Amino acid sequence: MKFDWSYFWQSLLAPSPQFLNGLALTIIISVVAMALAFLLGLVIALMGRSRFLPFKLFASLYIWVIRGTPLLVQLVIIYTGFAAAGLFRFEDVDLFGAIIKGAVQAAIVGLMLNESAYISEIVRSGLESVDRGQNEAALSLGMTPMHAMRKIIVPQAIRTMVPPLGNSFNGLMKSTSILSIIGVSEMFQVGSTMSASTFKVFEIYIVVALYYLLLTTVWTFIQTAIENTLNVRAGLPPAESVFKRLFGVRSRKQQTTSTPALQPADIA
Amino acid sequence: MTMYTEPAPTERGPIVQAVNVCKSFGDKRILTDVNLEVARGEVVVMVGPSGAGKTTMLRTLNGLEAIDSGEIRVNGELLGQRVNKQGKLVERSARDLARQRANIGFVFQHFNLFPHMSVLENIWHAVVEVKHESKSEAVAYARELLGRVGLADKADARTRSLSGGQQQRVAIARALAMRPALMLFDEPTSALDPEMVGEVLAVMRDLANAGMTMIIVSHEMGFTREVADRVVVMDAGRIIESGPPAQVFATPQHERTRQFLSNVLA
Ligand SMILES: Nc1ncnc2c1ncn2[C@@H]1O[C@H](COP(=O)(O)OP(=O)(O)OP(=O)(O)O)[C@@H](O)[C@H]1O
Ligand SMILES: [Mg+2]
């Protein structure tokens with residue numbers, strides 16, 4: 001086997017500025033897309049619960065279409081397809097001095113749309129996990145349905161929503177690697193370019209893999225900390241340990257008690 | 001459509017007037033022409049076999065269940081409905097219904113305390129956020145009520161750490177904090193272990209003695225005999241009998257009442 005160890009260590013421990021830019025872009029796109037997807041997912045979930053039929057229909061249709069088609073195809077349609085058809089073209093924009101590439105905007109929009117369909121289902125099942133009596137108690141105290149939702153239902157639903165939302169985010173970070181298809185110079189794309197010019201294909205992709213692993217592992221620690229804080233605040237036992245999460249050693253008890261009713265499959 | 005003229009809300013007269021209330025779930029008739037009038041300060045206990053419609057009736061009295069026909073007035077004001085400019089009955093807005101409910105306390109079989117709040121916040125939350133009273137006054141009143149239900153030391157406890165009887169007493173305090181004109185109780189002790197029933201009934205007895213208007217669904221016949229001004233017997237979605245407990249228990253007029261009483265008193 002040919003493996004250039006010194007090149008490997010150098011790329012891993014002292015990555016090039018381009019590579020670090022790619023890493024930064026991966027993180028930024030993931031965080032921004034996730035935040036927007038959460039807001040949109042909330043709107044879609046509330047539309048799905050609405051008594052107004054057109055809203056309900058729209059939410060069902062949206063979830064059906066988005067979840068039934070691959071992210072890759074969605075991205076290409078949004079970025080390349082729309083432009084080719086003369087419908088809409090993502091132009092580079094200047095945001096407070098930073099140039100945001102059209103492809104990056106398309107990536108964020110595509111990931112947001114895709115993720116929001118899954119998140120709306122997480123939100124829906126989170127809201128449903130709160131006992132109906134909670135809403136009735138709130139109403140009986142003179143709260144409006146809106147107030148009851150904000151102050152009584154959502155704070156309790158959040159706790160059941162965080163684990164699946166965290167898993168979604170984990171999946172989202174990994175799916176940014178397919179953004180190279182529309183020419184976003186995120187980490188995977190930078191790695192590909194480097195491998196093409198140096199022919200150190202194996203070394204570079206191992207480094208890329210390790211950086212994705214670093215991202216998802218760090219996130220797992222953050223997610224566990226969030227879940228623990230919420231559980232402690234609700235007077236419940238702490239969440240499952242980071243070790244168990246990372247290495248997949250789950251006790252049977254935890255599987256039955258902490259797995260939410262709906263576990264959306266990781267995207268991509 | 002009948003033309004209505006709505007009388008102004010009044011502080012006199014009956015606090016609850018339910019007239020020909022009908023309610024179906026799907027094509028299943030649950031309430032049929034229920035008429036109920038409750039005077040200020042009166043304690044009414046609703047009894048009847050399982051599935052008679054007691055819970056449904058109680059829930060219509062604070063708009064948790066919308067009615068199909070008939071009308072319900074609380075404090076002389078139509079509940080959940082209003083008369084529009086054309087003289088037609090229309091649904092009230094969510095905000096308007098919420099305002100009406102703020103005046104009616106409801107105690108649930110399963111307490112329904114808010115688990116993400118401390119015991120004390122459960123009690124003052126709606127007072128501050130719905131009635132917009134000052135927080136310091138609301139908290140002081142919440143502490144006073146907590147003392148009255150015998151749980152002064154539990155103010156900062158988590159609701160989950162309380163026993164069923166304690167949770168139900170907090171739930172009663174939470175409803176009272178809104179200073180309601182009327183309190184509704186749906187089998188407040190039937191989810192409790194037997195040794196905790198007494199502590200909840202004691203709180204309710206104090207409340208009745210203090211002159212609170214109460215409508216209680218209960219199977220506690222001893223308590224009913226002692227506290228009720230009037231017993232209302234429901235069966236198959238209708239009120240079949242009504243009168244002072246001594247009379248209803250001793251000389252039931254209706255065969256179904258006799259059957260029901262022999263079951264619960266046996
Ligand atoms: N939301 C609902 N949808 C459909 N049917 C309902 C609903 N709520 C109650 N029912 C039905 O209405 C009937 C009366 O129910 P209700 O709970 O009012 O009776 P109840 O007198 O309180 O009985 P119990 O003593 O068992 O509490 C029952 O047959 C019940 O199955
Ligand atoms: Mg009932």
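Residue numbers begin at 1 in each chain, while the letters A, B, ... track the order of the sequences. Nothing here was measured: the structure is a model prediction, and the numbers come from that model.
- With a threshold of 4.5 angstrom between heavy atoms, B:Leu97 does not approach chain A through any atom at all.
- Proximity to chain A (any heavy atom under 4.5 Å) is shown, for B:Arg174, by both the backbone and the side chain.
- In the displayed structure, B:Arg95 atom CZ is contacted under 6.0 Å by at most 12 heavy atoms of other residues, nucleotides or ligands.
- With a threshold of 4.5 angstrom between heavy atoms, B:Phe106 approaches chain A through its backbone and through its side chain.
- Closest approach of A:Lys151 to B:Met117, counting heavy atoms only: O-CE, 4.2 Å.
- Applying a 4.5 Å heavy-atom cutoff, the residues of residues 132-145 of chain A that approach chain B are A:Arg132, A:Gly133, A:Gln134, A:Glu136, A:Ala137, A:Ala138, A:Leu139, A:Ser140, A:Leu141, A:Gly142, A:Met143, A:Thr144, A:Pro145.
- Applying the side chain to side chain contact (heavy atoms under 4.5 Å, CB included) criterion to B:Lys23, with sequence neighbours excluded, gives B:Phe25, B:Leu31, B:Thr56, B:Glu65, B:Asp68.
- Residues of residues 27-41 of chain A lying under 4.5 angstrom from chain B, judged on non-hydrogen atoms, do not exist.
- Rounded to the nearest 0.5 angstrom, A:Ile152 CD1 and B:Glu129 CD are separated by 8.5 Å.
- B:His110 has its side chain out of reach of A:Asp131: every pair of non-hydrogen atoms, C-beta onward, lies at least 4.5 Å apart.
- Using a 4.5 Å cut-off between heavy atoms, B:Leu64 contacts chain A through its side chain alone, with no backbone atom that close.
- Within residues 51-58 of chain A, the residues having any heavy atom less than 4.5 Å from a heavy atom of chain B are, in residue-number order, A:Arg51.
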